[in-house]
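What follows is one structure encoded as structure tokens, with my remarks underneath.
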Amino acid sequence: MRRVRPLMALKMTVWSTALLMAAGCSGKSAAPAAPPPREVQVLTLSPSEVRDTGEYLGSLMSRQNITVLPQVAGYVRRIHVKPGQKVEAGATLLEVDSRTETAALDSAQAQQSSANINRELAKRTFARTEALYKEGLASAQELEQGRAQLEASEASARSAAAQVAQRQVQLQFHAVRAPFAGTVGDVLVRLGDFVGATTPLTTIAQADVLEVSVSLPSERARALKPDTQLEVLDAQGKVLLTSPLFFVAPQADPRTQLVEVKAAFQNTVGLRPSELVRSRIVYAKRDALQIPALAVVRLSGQPFAMVVQEKEGKTVVERRPITLGALGEMAYVIENGLKQGDRVAVSSLQALRDGMAVKVKSADGAPSTSGAGAATAGSR
């Protein structure tokens, strides 16, 4: 058996290693794997209702709201109500001292009784005189005198009756009554106060039916229609009540150039007269495409939308310039650049590039939706 020299074996090993290294360096390196398409959530555009609205500050007024004044002068003898109390029509609110008027009524009634007695006496006297005249025992002059006395006594009785009626009406004024059902305001007088015909006693307001008054710019008032709706909003913008306008001022205020409009509604939410509320006028309604405000990308001031579409067998995004209309609560109205059925990316917008491949999220992840919801184009 032939033995291999150690030096020869070492040379063969080095040569084999060099050949392997050369073979490795001459081959091409494997290309890195492409990143997977980014998942995006899309919105399929479809027309939805858009409203042209304006929000203003409105003032609530009661359709029946008065300041109660006494019709006679005197001292307050009794108060029957408390502030905030609900009263019915005709309920007694307070009483003014009526002792003088009561005495005057008693005197008038006594005079009426005397007048009635004199009238009955005159009737009997005239009847006897008339009977004697027919028998020739009384002269024509006596008959005429009897007739005159009867007529005078009847006139006196009518005058006394009128005096009694006048005193009775005057006495009723000492009891101040509610002219209609409502809620009593603050009672401004106390027991023993002297009041006159110009002394405010209290107020009564009917809050079941309220009016809201709004002042609009004159150019916007020209767009009003008979069925224009007014909405009363709460502090969060939620609609509390809706009612059509029933009054539009025929002329603008010469100082402010504003036009007053009014709407009436049943107060079912506990609003109060003289309260200031948020009001919204719905000038017009139409159907239009809308896009969420967060789905709009701006470059150098130009708005774009990232439209998802199929291209060469791939799902890619295209950066498309759009023209925006009015901004509603959460969406813009699309005036140009998009059409019904377009799919718009609404997530990962900062990472998307024009022509970039994407993957639409599945229904179990984040489903795509249709429409942007009803928007309100607010303006003043």
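Only heavy atoms go into these numbers, but all of them, side chains included; no hydrogens, no water, no symmetry mates. The model shown is predicted, which means the values in this text are computed figures rather than measured ones.
- The existence of a salt bridge linking Glu95 and Arg77 is excluded, since no basic side-chain nitrogen approaches an acidic carboxylate oxygen closer than 4.0 Å.
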Handout entry: Full working for side chain to side chain contact (heavy atoms under 4.5 Å, CB included) between Val187 and Leu201
Key = CA-CA 6 Å; Val187 179; Leu201 303 179; over 6 Å; no
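- In this structure, Arg63 satisfies the cation-pi test against Phe246, with its NZ or CZ atom closer than 6.0 Å to the six-membered ring centre and inside 45 degrees of the ring normal.
- Taken from CD in Glu154 to CG in Asn116, the straight-line distance is 11.0 Å, to the nearest 0.5 Å.
- A donor-acceptor pair under 3.5 Å is absent between the side-chain atoms of Ser156 and the main chain of Ala152, judged by distance alone.
- Not a single donor-acceptor pair under 3.5 Å links the side chain of Asp52 to the backbone N or O of Ala284.
- A donor-acceptor distance shorter than 3.5 angstrom exists from the side chain of Gln302 to the backbone of Ile322, with no hydrogens or angles considered.
- In this structure, the side chain of Asn267 engages the main chain of Ala207 through a donor-acceptor pair within 3.5 Å.
- With respect to the salt-bridge test (charged N to carboxylate O, under 4.0 angstrom), the residues Asp253 and Arg255 qualify.
- Panel note: side chain Asp97, backbone Arg99; a donor-acceptor pair is recorded below 3.5 Å.
- Residues Glu142 and Thr129 bring no donor and acceptor atom of their side chains to less than 3.5 Å of each other.
- Hydrophobic cluster membership is shared by Val72 and Val176, with clusters built from Ile, Leu, Val, Met, Phe, Trp and Tyr side chains linked at under 4.5 angstrom.
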